[in-house]
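Input: a single structure, listed below in structure tokens.
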Amino acid sequence: MTKQDITGIKQLLSTPKKIVIVPHKNPDGDAIGSTLGLYNFLIKGNHKVKVITPNDYPHFLKWLPSEDCILKYDANKTVCEDLITDADIIFTLDFNAFHRTGNMESILSESDAIKIMIDHHQAPDDYATYTFSDVSMSSTCEMVYHFIDMLGDADSIDKTIATCLYVGIMTDTGSFRFSSTSSQTHHVVAQLLEKGANNSEIHNKIYDTNSYERLQLLGCALSNLKVLPESRTAYITLSQQELNRFNYKKGDTEGVVNYGLSVNNIVFGAIFIEDRQEGIIKISLRSKGDFSVNEFSRAHFNGGGHTNAAGGKSHLSLEDTVAKFISILPSYNKALNNE
Ligand code: 5GP
Ligand code: MN
């Protein structure tokens, strides 16, 4: 983002505008934290602001400040489409290609509003009038902090905004342990704490709200864990039947993929989750070191993301998806054993 871009955006926001903020489908902590952080900042400028998510999000995010104002596209299609068509500015957060918004793809592509992208994923599309893309950033929430700071408005960050932004930095960095966590990330987090974000309370609200069934599902996932030592890979499967048995709710499988990576000497972790309703296997991939799960997912599973965290999908059955994964792996053994 150039100085000229910032001047342009400042000029744009100097008078009240109709603004829509959109995160990716199946929004996570960073997607919801960044949209609500930006929302709570923009409403201070007397803009008319709406956050529209493509669909619902996990219960552990349903306490964030102003969360109750979020509109879900799949449940309020007409209202959301009118807002998008009528918008002067659309911020797209935590994704960089319209197809990542699922069914919102066409209405977003058709809109002639000014688009502002804030995102940290690799290979951004060029739909935005203003693109703030930085793959070295831990999270979109960290970028929203820098965005507000670049506008010269860091002083307007209050406890509400700080709380939202802290959520996404914490969740996208695995509580500050992933390699995407930089000294700059900690500087931003320090500022957020000074503005009033309560780290311990936020952590409890996100991570300590497990239902008994969710822990039982985790037990099932862990007993399904398989290790392929030659490929330094561990993977987990969850069938629809297993999800049903433990009364699966959105968000229940969040973070489960990381258990594979916690096995000694493993650098590549995967989870395959059957979704009968969508007719797909949802895949999450994680790695340590230089092995790029983003490239792996782009090459084999219609997905993408970051070097160490990516997602994708498969239209094969659960068994066939896993068989495909196992058959591909040996060609990566050299790269995986160089880690
Ligand atoms: P997760 O495994 O937690 O769903 O996603 C890990 C990372 O990869 C996130 O940053 C997410 O936005 C990205 N990601 C997940 N699924 C997909 C996908 O299907 N396509 C692309 N391009 N990125 C994805
Ligand atoms: Mn993110």
Side-chain angles (χ1 to χ4, degrees), residues 21-38 53-55 57-58 60-61 91-102 105 117-125 132-147 164-176 178-181 185 188 206 221 235-236 238 250-261 268-273 275 278 280-287 292-315 321:
I21 310 174
V22 183
H24 57 79
K25 190 180 171 189
N26 298 322
D28 57 7
D30 191 29
I32 296 297
S34 60
T35 50
L36 289 177
L38 183 64
T53 60
N55 61 346
Y57 40 87
F60 58 77
L61 298 173
F91 279 89
T92 68
L93 264 54
D94 203 34
F95 71 91
N96 59 24
F98 284 144
H99 69 85
R100 295 278 293 123
T101 63
E105 180 175 4
M117 178 204 296
I118 305 180
D119 180 60
H120 65 135
H121 293 88
Q122 297 185 356
D125 279 358
F132 183 22
S133 161
D134 186 345
V135 298
S136 76
M137 285 283 159
S138 69
S139 54
T140 301
C141 279
E142 185 178 340
M143 297 180 73
V144 169
Y145 177 91
H146 293 305
F147 178 74
C164 296
L165 299 183
Y166 186 93
V167 166
I169 302 179
M170 181 187 75
T171 54
D172 256 28
T173 59
S175 301
F176 316 105
F178 299 152
S179 58
S180 57
T181 313
T185 313
V188 170
I206 297 286
Y235 69 91
I236 291 170
L238 280 171
K250 216 176 194 42
D252 281 354
T253 56
E254 201 85 22
V256 177
V257 61
N258 293 311
Y259 284 92
L261 269 193
F268 186 16
I271 188 166
F272 301 91
I273 303 171
D275 184 338
E278 299 244 349
I280 58 164
I281 307 300
K282 177 76 187 97
I283 304 167
S284 284
L285 304 169
R286 299 291 185 269
S287 67
S292 172
V293 287
N294 168 54
E295 282 168 29
F296 184 90
S297 187
R298 278 177 198 275
H300 306 291
F301 292 109
N302 299 307
H306 316 280
T307 303
N308 297 128
K313 55 183 170 295
S314 157
H315 292 279
T321 303

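Both counts, for ligands and for their atoms, begin at 1 and track the order of listing.
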Any side-chain heavy-atom pair from [X] and [Y] closer than 4.5 angstrom?
X    : Y    : answer
L61  : I206 : yes
D125 : F98  : no
I169 : F176 : yes
F296 : F301 : yes

Does ligand 1 have an atom that lies less than 4.0 angstrom from a heavy atom of K282?
->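 Yes, K282 has a heavy atom closer than 4.0 Å to ligand 1.
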Going by heavy-atom distance to [atom], choose the closest among [options].
atom                    : options               : result
atom 24 (C) of ligand 1 : G304, G303, G305      : G304
atom 2 (O) of ligand 1  : G311, P23, S284       : S284
atom 12 (O) of ligand 1 : K25, R100, K313, R298 : R100

Looking only at protein heavy atoms, which one is nearest to atom 7 (C) of ligand 1, and how far off is it?
-> A309 O, 3.6 Å
Taking distance alone, with no angle check, do D94 and ligand 1 share an N/O pair under 3.5 Å?
->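 In fact, backbone or side chain, D94 has no N or O that close.
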Has ligand 1 got any nitrogen or oxygen that is less than 3.5 angstrom from a nitrogen or oxygen of H121?
->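 So ligand 1 has an N or O lying under 3.5 Å from an N or O of H121.
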Can you list the atoms of ligand 1 that are under 4.0 Å from a heavy atom of A310?
->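 In order of number, 2 (O), 6 (C), 7 (C), 8 (O).
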Considering the heavy atoms of H306, write down every atom of ligand 1 situated less than 4.0 Å from one of them.
-> 10 (O)
Within less than 2.8 Å of the Mn ion (ligand 2), the count of protein N, O or S atoms comes to 4
Only one of T307, N308, N294 clears side chain to side chain donor-acceptor pair (under 3.5 Å) with S287; which?
-> N308
Given H120, which of N96, D134, D172 fulfils the side chain to side chain donor-acceptor pair (under 3.5 Å) condition?
->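 Among N96, D134, D172, the one that satisfies the side chain to side chain donor-acceptor pair (under 3.5 Å) with H120 is D172.
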How far apart are the C-alpha atoms of F91 and I118, what are their side-chain angles, what is the distance that settles it, and do they pass the side chain to side chain contact (heavy atoms under 4.5 Å, CB included) test?
-> CA-CA 7 Å; F91 279 89; I118 305 180; 4.3 Å; yes
Taking 4.0 angstrom as the limit, do K25 and E278 come out as a salt bridge?
-> yes
Any donor-acceptor pair under 3.5 Å from D30 side chain to T140 backbone = yes
Judged by atom type as modelled, is there a donor-acceptor pair below 3.5 Å linking the side chain of D119 to the main-chain atoms of L93?
-> no
Between I273 and I271, which heavy-atom pair has the shortest distance, and what is it?
->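 Reported closest heavy-atom pair: CG1-CG1, 3.8 Å.
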Quick one: does ligand 1 sit under 4.0 Å from the side chain of R286, the backbone, both or neither, non-hydrogen atoms only?
->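 For R286, only side-chain atoms sit under 4.0 Å from ligand 1.
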